[in-house]
2 protein chains.
Amino acid sequence: MVTNIAPEVTSQVTDEALVQRRRAQFVAAAVELFSSQGYYRTTIQDIARKAGVSSGLIYQYVRDKEDVLLLSLLSVLDSYKQEIPQALAGLTDPLERCCVAIDAYCRVVDQRREATVLAYRSTKSLSADRRALIKVSELESNDLIAACLRDCIAKGVFREVNVELVTYQLVTFAHTWALKHWRLKELSTLDGYIEQGIDFFTQALLTPKGWRQYRKLLESRHSKADFRSRPENPAAE
Amino acid sequence: MVTNIAPEVTSQVTDEALVQRRRAQFVAAAVELFSSQGYYRTTIQDIARKAGVSSGLIYQYVRDKEDVLLLSLLSVLDSYKQEIPQALAGLTDPLERCCVAIDAYCRVVDQRREATVLAYRSTKSLSADRRALIKVSELESNDLIAACLRDCIAKGVFREVNVELVTYQLVTFAHTWALKHWRLKELSTLDGYIEQGIDFFTQALLTPKGWRQYRKLLESRHSKADFRSRPENPAAE
DNA sequence: TTTCTGAATGAATAATCATTCAGTCAACGT
DNA sequence: ACGTTGACTGAATGATTATTCATTCAGAAA
């Protein structure tokens, strides 16, 4: 039996819907425990206790402990792939899309700060084949950002740069908010962090033509560089 | 007994020089093993075997396994604090110093790629008090970069930005070469990565006055953005 | 009701390892 | 020579924990 979520992880249990529900339940408990105590310090018994089931039950839904880690990490990456397209929905201006994507990425990272750190901590604890699945998923979510960049370049808003390399800088910028939160939280708020980041990246990338659009974009927004509230939402005005 | 390297780590052995030598020996073995297998999968017996000593001996030089990890991580951070000032020695132009510092940072990271990843993987496996020592050391090495930035701003070469925040972007840029090497190595060489990074950061930071200096700096260099060979080294011409 | 299926339990198993410690050895001072 | 000191060894100890499996149990089917 195989779920559509993670085809590589097999389960003893036949009821597809139940598998989904149980795994989500285990992963929720596991992400919390792995994030706070780390993978190796967390026992299957811990996860079972937090999920309110017996330790043996988990082995009906995964092959081994590493499978639980794999599912946990995939769930974190999935939340990126969920939230960013959602934030972009309906937006067409390439520059705006790019700024909103960065903004959204930083905000998911902020919401799942511990889980983001977990991904950096624990991906290497996976076997090579399982790690490969993570890499694929990571590249997919990077493509959400890369597409925005390519669009801006095609429209002459950003200068010609190595898209993939700049994508990594953007992605890392978002991740850093989680990875170095112990220090960054003393230097800035999340909003301030995003604002200075977008300021920095636009400075580095905008063409003269892009600058004109950027200024227009800022005017159509409420405050300086706040990309949270959407223009079609006049309540926030 | 206390060494000057890590005052918090105590040793049974009295001979100060011996303590230094043995610890260096253990740390060399440990960094290699931790990097390739991870902290928890590496046993004290593994480290002892690789270092060519008995497992019991290690406990004459550290309190527990976590101490070995602490010393290992501190040694990685120390290599940053060694190499960057060394690369900057003799240089006075603020802009040049800034570029050279970034260049040097990326190159240490490249040399100690696995160890850099180890720092991200394993810092959280330390107890809070030991982790605090790492944080202090990290801030110290960040200051090497921050000082260069402040200098450039004071001289009007860079615009006024939040120095600490930009420092983190620079530092993270260097670390990313190690963290995402599995992908980046397919996108660029180290030299290319550094070049595009410096290009990117200067675009974001330079003032008009700074631009004039930057162009002059590039001309005095051999190829475009190669900050490796020093001008006082005519052999490379 | 009785039977059957498969989900769920949790005690038992089998390893794995950090840490200790009784004992060896070599160097040195007397 | 001989006793002392301190580095060093490595087998033994004691915990911890992933994984298994004999059982229980609830509900569907007959």
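Naming convention: chains lettered A, B, ... in sequence-line order (proteins, then strands); numbering from 1 in each chain.
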> Nearest nucleotide by nearest heavy atom, which residue falls closer to the 5' end of DNA chain C, A/Gly52 or A/Gln45?
Replying inline: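 Its nearest nucleotide being more 5', the pick is A/Gly52.
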[X] [atom1] - [N] [atom2] separation (whole Å):
{"X": "A/Ile58", "N": "C/dA7", "atom1": "CD1", "atom2": "P", "result": "16 Å"}
{"X": "B/Ile47", "N": "C/dA18", "atom1": "CD1", "atom2": "P", "result": "8 Å"}
{"X": "A/Ile44", "N": "C/dG10", "atom1": "CD1", "atom2": "C1'", "result": "14 Å"}
{"X": "B/Glu66", "N": "C/dC17", "atom1": "CD", "atom2": "P", "result": "18 Å"}
{"X": "B/Gln60", "N": "D/dT5", "atom1": "CD", "atom2": "C1'", "result": "13 Å"}
{"X": "A/Gln37", "N": "D/dT17", "atom1": "CD", "atom2": "P", "result": "10 Å"}
{"X": "B/Leu57", "N": "D/dA7", "atom1": "CG", "atom2": "P", "result": "9 Å"}
{"X": "B/Lys65", "N": "C/dA18", "atom1": "NZ", "atom2": "P", "result": "4 Å"}

> For B/Gln196 and A/Gln169, what are the C-alpha separation, side-chain angles and deciding distance, and is it a side chain to side chain donor-acceptor pair (under 3.5 Å)?
Replying inline: CA-CA 11 Å; B/Gln196 93 91 33; A/Gln169 271 180 250; 2.7 Å; yes
Give one of base, sugar-phosphate or nothing for [X], where a contact means two heavy atoms less than 4.0 Å apart.
{"X": "B/Tyr61", "result": "sugar-phosphate"}
{"X": "A/Thr43", "result": "sugar-phosphate"}
{"X": "B/Arg22", "result": "sugar-phosphate"}

> Under 4.0 Å between a side-chain N or O of B/Ser54 and OP1 or OP2 of D/dG10?
Replying inline: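 It does not, given that no N or O in the side chain of B/Ser54 lies less than 4.0 Å from OP1 or OP2 of D/dG10.
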> Is the A/Phe200 ring parallel, tilted or perpendicular to the B/Phe200 ring (thresholds 30°, 60°)?
Replying inline: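 Taking B/Phe200 first and then A/Phe200, their aromatic rings sit tilted (interplane angle of 30° to 60°).
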>> Parallel, tilted or perpendicular: which one describes the rings of B/Tyr105 and B/His175, with boundaries at 30° and 60°?
In response: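 Because their plane-to-plane angle is over 60°, the rings of B/Tyr105 and B/His175 count as perpendicular.
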> In terms of heavy-atom contacts, does CD of B/Gln82 have more than 12 from other residues, nucleotides or ligands at under 6.0 Å?
Replying inline: no
